[in-house]
2 protein chains.
Amino acid sequence: MIDPSADRAVFRQLADLLRSQIETGDLAPGEPLPSERRLAQEHGISRTTVRQAIGQLRTEGLVTVDRPRGTFVRVPEPMEIVTLARGEKAGARMPTDAERRTHRLGEGVPVLVVTAADGTVTVHPADRVQLARP
Amino acid sequence: MIDPSADRAVFRQLADLLRSQIETGDLAPGEPLPSERRLAQEHGISRTTVRQAIGQLRTEGLVTVDRPRGTFVRVPEPMEIVTLARGEKAGARMPTDAERRTHRLGEGVPVLVVTAADGTVTVHPADRVQLARP
DNA sequence: GAAAATTTGTCCGTATGTATA
DNA sequence: ATATACATACGGACAAATTTT
């Protein structure tokens with residue numbers, strides 16, 4: 001239940017609720033969330049607040065939005081292995097807006113950044129690539 | 001200049017503007033951004049829209065918010081090297097809400113997830129850890 | 001110390017646009 | 001053509017914490 005008088009913000013309470021439903025499989029991968037209007041009516045809150053909650057889950061990479069079909073639980077991508085060559089270093093960060101578009105990255109998906117000894121940088125979507133030693 | 005009639009959403013235009021000021025060093029690390037009200041007045045847009053733009057930069061990990069002092073350009077952390085042992089694989093994802101709290105992670109900071117051959121998983125903040133071969 | 005101003009956080013309501021079913 | 005659903009943008013209001021007066 002969502003309690004407006006609680007300490008935790010309403011939109012966080014709703015995000016927590018949906019997140020736990022995703023984690024328990026109550027909302028399975030590929031399944032749609034209830035529409036924003038549905039959620040707003042069911043919980044007696046405004047659509048703006050619902051959007052804040054869903055926005056939270058989007059930045060966490062838990063859901064994707066297919067506009068205007070709806071919002072869906074993210075389906076895991078098949079993983080590809082990229083080997084880390086000698087002298088290379090790897091880190092991770094969030095992509096810029098431009099990188100998101102060029103690499104067709106979903107929201108809430110970081111990138112793996114591999115830097116070679118000569119400074120060459122390659123970027124991999126972290127939802128499809130894992131690093132390993134050769 | 002921000003053009004409300006342009007194809008790109010106003011809040012994205014403002015995010016682009018601020019991002020480029022950060023990239024060029026016009027807004028240096030540790031420096032505060034203008035307040036939300038300032039930005040709204042200067043560009044003739046609503047505070048809601050300004051908050052959307054800043055929210056974008058927060059998810060990209062470019063700025064941090066110290067409420068209610070202001071919003072600041074993120075200061076890079078000193079990097080630590082973690083070696084990837086034989087048989088280990090590494091990936092990256094956004095942290096859960098709980099991980100964010102326990103690791104004191106800022107917004108927009110992914111985690112590096114290292115999985116050993118026996119299934120043991122270790123999590124590292126991506127703003128402070130880079131991976132390398134031994 | 002006290003009061004006022006500032007700044008971000010949260011929440012609501014409304015309106016319009018755009019793509020899909 | 002109608003209805004649905006998400007995206008964008010505006011406005012207002014109050015709370016909480018900090019800084020300034």
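So that the names make sense, note that chain A is the first sequence line, chain B the second, and so on, each numbered from 1. Just the heavy atoms: all of them, side chains too, but no hydrogens, waters or symmetry mates, feed the values below. Here the structure is a predicted model, which is why all the values come from computation and not from measurement.
Of the residues in residues 33-41 of chain B, not one comes within less than 4.0 Å of DNA chain D through any heavy atom. Within residues 7-21 of chain A, the residues having any heavy atom under 4.0 Å from DNA chain C are, by residue number, A/A9, A/V10, A/F11, A/R12.
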task = Take A/I54 and A/L39 through the side chain to side chain contact (heavy atoms under 4.5 Å, CB included) test and state the conclusion after the steps.
result = CA-CA 10 Å; A/I54 291 178; A/L39 289 169; 4.2 Å; yes
task = Assess whether salt bridge (Lys or Arg N to Asp or Glu O under 4.0 Å) is satisfied between B/E80 and B/R128, documenting all intermediate values.
result = CA-CA 6 Å; B/E80 176 189 346; B/R128 276 178 273 138; over 6 Å; no
inquiry  = Assess the residue pair B/R19 and B/E23 against the criterion (salt bridge (Lys or Arg N to Asp or Glu O under 4.0 Å)); give the C-alpha distance rounded to whole Å, side-chain angles, the decisive distance to 0.1 Å, and a yes or no.
reply    = CA-CA 6 Å; B/R19 193 187 301 109; B/E23 282 165 357; 5.1 Å; no
key: Verdict with supporting geometry, A/L14 and A/V50, side chain to side chain contact (heavy atoms under 4.5 Å, CB included)   = CA-CA 7 Å; A/L14 177 56; A/V50 171; 4.1 Å; yes
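Using a 4.5 Å heavy-atom cutoff, the side chains of B/I22 and B/V63 are in contact. In this structure, the side chains of B/F72 and B/L33 stay at 4.5 Å or more apart for every pair of heavy atoms. Counting only heavy atoms from C-beta outward, the side chains of A/L57 and A/L18 approach each other to under 4.5 Å. When side chains are defined from C-beta on, B/T96 does not count as touching A/E60, because their heavy atoms never get closer than 4.5 Å.
Taking only side-chain nitrogens and oxygens, A/T48 never comes nearer than 4.0 Å to OP1 or OP2 of C/dT10.
Comparing C/dG9, D/dC10, C/dC12 against the side chain of B/T49 picks out D/dC10 as the nearest.
Distance, B/R51 CZ to C/dT8 C1': 6 Å, rounded to whole Å. Note: CD (B/Q52) to C1' (D/dC6) measures 13 Å, nearest angstrom. Between the P atom of D/dT8 and the CG atom of B/D3 lies a distance of 16 Å, rounded to the nearest Å.
To the nearest 0.5 Å, the span separating CD on A/E88 from CD on B/Q130 amounts to 11.5 Å.
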Are there any protein N/O atoms within less than 3.5 Å of an N/O atom in nucleotides 1-3 of chain C, and if so, which ones and at what distance?
none

Any N/O pairs under 3.5 Å between the protein and nucleotides 14-21 of chain D? List them or say none.
unit_1, atom_1, unit_2, atom_2, d
D/dA16, O4', B/R67, NH2, 3.4

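Residue pairs meeting the side chain to side chain donor-acceptor pair (under 3.5 Å) criterion with at least one member in residues 111-126 of chain B, sequence neighbours excluded: B/D118-B/T120.
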Distance-only donor-acceptor pairs under 3.5 Å for side chains of residues 101-113 of chain A, two or more places apart:
unit_1, atom_1, unit_2, atom_2, d
A/R101, NH1, A/D97, OD2, 3.2
A/T102, OG1, A/A98, O, 3.3
A/T102, OG1, A/E99, O, 3.2
A/H103, ND1, A/E99, O, 3.3
A/E107, OE1, A/R58, NE, 2.5
A/E107, OE1, A/R58, NH2, 2.7
A/E107, OE2, A/R58, NH2, 3.1

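Counted within 6.0 Å of CZ on B/R8, heavy atoms from surrounding residues, nucleotides or ligands total more than 12; the atom is thus considered enclosed. The neighbour count for A/D3 CG, taken as heavy atoms of other residues, nucleotides or ligands under 6.0 Å away, is above 12.
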